[in-house]
Amino acid sequence: QVRLLESGGGSVQAGGSLRLSCAASVYTCELMAWFRQSPGTEREGLGAILTEYGNTFYADSVKGRFTISQDNADHTLNLQMNNLKPEDTAMYYCAAAQKVSAWFRPDTYHYWGQGTQVTVSS
């Protein structure tokens, strides 16, 4: 069982930055990712990282603005978000998958955090 706990959400004006963190109880999953979801929309994959090799993948909607990183020693996954836009407003979730598969599909992941809210005002 892997427990994930997100932190770092909050309110920011458009153009600002936030850094989200996800603390994992154990860091044994091959793939970890960030998703977001707004009311009435499907959960959207933002990016993922292969925990052993450090390879990262991003959705086009956030490429160049968001950066995923990991700290294996602290069992932490991070999401640096720059140049935030009002449309980035959502609940942000950390997810972990035991095996590598399609990183952008929510059903790839076995473990989810409870989420942290990000609100971007214009």
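These figures come from a predicted structure and were not determined experimentally. Side-chain atoms are counted along with the backbone in the values below, which use heavy atoms only and exclude waters and symmetry mates.
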Q. Is there a donor-acceptor pair closer than 3.5 Å between any side-chain N or O of Asp74 and the backbone N or O of Asp71?
A. no

**Q.** Counterpart residues, ring-ring contact (aromatic ring centres under 6.0 Å, His included), relative to Phe35 (two or more places apart)
**A.** Tyr109, Trp112

Q: Tell me whether Val100 is reachable from Phe57 by hopping between hydrophobic residues (I, L, V, M, F, W, Y) whose side-chain heavy atoms are closer than 4.5 Å.
A: yes

(Q) Test of understanding: with salt bridge (charged side-chain N to carboxylate O under 4.0 Å, His left out), list the residues that count as partners of Glu30, not counting sequence neighbours. (A) Lys99

Q) Would Phe104 and Leu50 show up in the same hydrophobic cluster when neighbours are defined by side-chain heavy atoms closer than 4.5 Å? A) yes

**Q.** Considering all heavy atoms, the nearest Asn83-Asp88 contact
**A.** O-OD2, 4.4 Å

Q. Going only through I, L, V, M, F, W and Y residues with side-chain contacts under 4.5 Å, is there a path from Met81 to Tyr93?
A. no

**Q.** Non-neighbouring partners of Arg3 that pass salt bridge (charged side-chain N to carboxylate O under 4.0 Å, His left out), sequence neighbours left out
**A.** none

Q: List in chain and number order the residues that pass side chain to side chain contact (heavy atoms under 4.5 Å, CB included) with Gln117, two or more places apart in sequence or in another chain; answer none if no residue qualifies.
A: Thr89, Met91, Thr119

Q. Considering residues at least two apart in sequence or located in another chain, which fulfil the side chain to side chain donor-acceptor pair (under 3.5 Å) criterion with Ser21?
A. Asn78

Q | Gap between atom CH2 of Trp103 and atom CG of Leu31 - 0.5 Å precision | A | 9.5 Å

Q: Check whether any side-chain heavy atom of Ile49 lies under 4.5 Å from a side-chain heavy atom of Asn55, and answer yes or no.
A: no

Q: Could you pull out the closest heavy-atom pair between Ala14 and Ser122, with the gap in Å?
A: CB-CA, 4.3 Å

Q. Can you list every side chain to side chain donor-acceptor pair (under 3.5 Å) pair that touches residues 6-18, not counting sequence neighbours?
A. Ser17-Asn82

Q) Any side-chain heavy-atom pair from Trp34 and Cys22 closer than 4.5 angstrom? A) yes

**Q.** Spatial distance of atom OH (Tyr111) from atom CG (Leu4) [nearest 0.5 Å]
**A.** 9.5 Å

Q | With sequence neighbours excluded, residues passing salt bridge (charged side-chain N to carboxylate O under 4.0 Å, His left out) with Lys63 | A | Asp60

Q: Could you tell me the separation between the NE2 atom of His75 and the OG1 atom of Thr28, rounded to the nearest 0.5 Å?
A: 8.5 Å

Q | Residue list, side chain to side chain donor-acceptor pair (under 3.5 Å) with Gln114, at least two apart or on another chain | A | none

Q) If you measure from OH on Tyr58 to CD1 on Ile68, what distance do you get to the nearest 0.5 Å? A) 5.0 Å

Q: Report yes if some heavy atom in the side chain of Leu84 is under 4.5 Å from a heavy atom in the side chain of Leu18; otherwise report no.
A: yes

Q: Starting at OG of Ser69, measure out to CG of Leu79 and round the result to the nearest 0.5 Å.
A: 8.5 Å

Q.
Please check this pair: side chain of His110 against backbone of Gln98, looking for a donor-acceptor N/O pair closer than 3.5 Å.
A. yes

Q. Salt bridge (charged side-chain N to carboxylate O under 4.0 Å, His left out) with Arg19: which residues, sequence neighbours excluded?
A. none

Q | Exercise: identify the closest heavy-atom pair between Gly9 and Val118 | A | CA-CG2, 4.2 Å

(Q) Quick check: closest heavy atoms across Leu77 and Cys94, and the distance to 0.1 Å? (A) CD2-SG, 4.0 Å

Q) Of all residues at least two apart in sequence or in a different chain, which pass the side chain to side chain contact (heavy atoms under 4.5 Å, CB included) check with Thr41? A) Gln37, Ser38

Q. Listed by chain and number, what are the side chain to side chain contact (heavy atoms under 4.5 Å, CB included) partners of Ser61, not counting sequence neighbours?
A. Arg36, Glu44, Ala59

(Q) Holding to side chain to side chain contact (heavy atoms under 4.5 Å, CB included), I want the full list of residues that pass it with Thr51, two or more places apart in sequence or in another chain. (A) Tyr27, Met32, Gln70

